[in-house]
Amino acid sequence: FPITIRSLSEAIGRPAKTLMTMMFQRGEPLTINASLDEETAIELSMECGVDLEVRHERDIELELVEKLTGGDGDVEGETIRPTIVTILGHVDHGKTTLLDALRSANVADGEAGGITQHIAAYQVEHEGQKITFVDTPGHAAFGEMRARGANVTDIVVLVVAADDGVMPQTKEAISHAKAAGVPIIVAMNKIDLQGVDEQRVLQELSTNNVLPAEWGGDYEVIRTSATTRQGLDELLHTIVLTAELHEYKGNPNVPAHGVCLEAFRDEGRGVLAWLIVQQGTLRIGDDVLCGPAYGRIRAMYDDHGNELEEAPPSTPIKVSGLDVVPGAGDHFFAMADIDEAREAAESRRQRGRAESLAGRGLPRTLEDILNQAKEGDVQDLPLIIKADTPGSGEALRSEIEKLDHPEVRVEIVHEGVGGVNESDVTLASATGAIIVAFHVVAEDRAAALADKEGVEIRRYSIIYEVSDDIKAALEGLLRPEL
Ligand code: GDP
């Protein structure tokens, strides 16, 4: 401190223009390069829902995660861990049925709760390999977890109903999986139905950048039926092969950390949280910090409801002992002792929870990206395009693709038809993309989420305005926001 409006905007991931407007409303019109004192900077950030100090703490946390995961170097004690799989796809294409079918083979008759008991993740064994399936309700949740820096998934199984083919949410799921950089295995589901046209589905996959292996591409397409169980063994086999190829590793000997998948308050047992251990081994009696919550692990259960003493990497567990309910995507860490866990949790709570999730330092506005380009460290301008019709989306894309700039490469992370939805926003948040809304508006919940996450949605109605804006931005001459 002092800090310029520009730097503050970068630090909290909110448009500089917003900050300038706020100062204007306070009767203090300032330019982007004007300096703010510490108090004003903190006040403005607070108004934007970002706590500068929490932001700092969060960076430390992410650094810690990186350190604990050991980057890409070999850490002593690393071993192969079970693969973590998430199933994504369009609504009604069979995700839930498939998850249940894969699990039912591993659920013993008479097991407490049986197949009906709700679980956030489970493990199955196939060909001697354990596979962990995460039951996230859709790709928006997948994106939101990633936006919070929680990358738990190693492999995505993309479910596409053979009778329906590639649908809008299938495309969204593809974009999310690709942005996450994880391998995709396609399950062409409902193959038991009469008269399905497999070739058509393969064709649609191809045109959406998922070229099937049988057509010379990188993506295995397994024919499955979640209802007759046809192809499930082959699907599991393909997952095992993919896992062997990538050798996903974990180190059971470091302090445990991982991610909360979901949590709730149980009448009798207090807070119950579904956690997935990413590194280390979590044990009964460990003192943990998890988002705003802390506590000593009192009890630990696997997905069959069996009590566990300890959980190595990739194990999904349900634990009790936390004092408040953490959020999905919150990281958890085993701490040195309960005092350390309490202190960290209490200082987080004092500042409020919402803030602790805001701002991850990704450039989120056109201006931010350009500012970075000027400093010589920008590579990509990620965009998400939503348009009113496939035709206008197509026209917009080809116009944007014509733009060329030595320092900034425009990258279309996702393209879709219809209003801006929550999936678009979480994808933007996870990838640092800007959303271009062409002749469409944002759904209410998406707009609120964009606000919270600091995602910029720019609305346009004329193609040339989009390309002019980007061009102008590329040349550092940003027009006022529409
Ligand atoms: P989700 O929305 O993707 O989770 O889809 P669901 O698992 O709820 O499935 C939607 C509907 O499709 C349900 O009525 C299922 O019974 C049905 N379904 C799912 N998989 C199959 C399948 O392989 N074959 C047939 N014939 N129906 C299926």
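Counting starts at 1 for both ligands and their atoms, following the listed order.
- Within the 4.5 Å cutoff, the side chain of L102 has heavy atoms near those of the I87 side chain.
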Practice task
Apply the test salt bridge (Lys or Arg N to Asp or Glu O under 4.0 Å) to residues D154 and R81: give CA-CA distance (whole Å), side-chain angles for both, the deciding distance (0.1 Å), then the verdict.
Solution key: CA-CA 11 Å; D154 300 312; R81 60 168 174 80; 2.9 Å; yes
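- With sequence neighbours excluded, no residue satisfies side-chain hydrogen bond (donor to acceptor under 3.5 Å, both in side chains) with T79.
- Using a 4.0 Å cut-off between a side-chain N of Lys or Arg and a carboxylate O of Asp or Glu, R397 and E415 qualify as a salt bridge.
- Judged as a side-chain hydrogen bond (donor to acceptor under 3.5 Å, both in side chains), and not counting sequence neighbours, the contacts of E399 are K402.
- Annotation: side-chain hydrogen bond (donor to acceptor under 3.5 Å, both in side chains) contacts of D197 (sequence neighbours excluded): none.
- The 4.0 Å heavy-atom shell around ligand 1 contains residues H90, V91, D92, H93, G94, K95, T96, T97, N189, K190, D192, L193, S225, A226, T227, ordered by chain and number.
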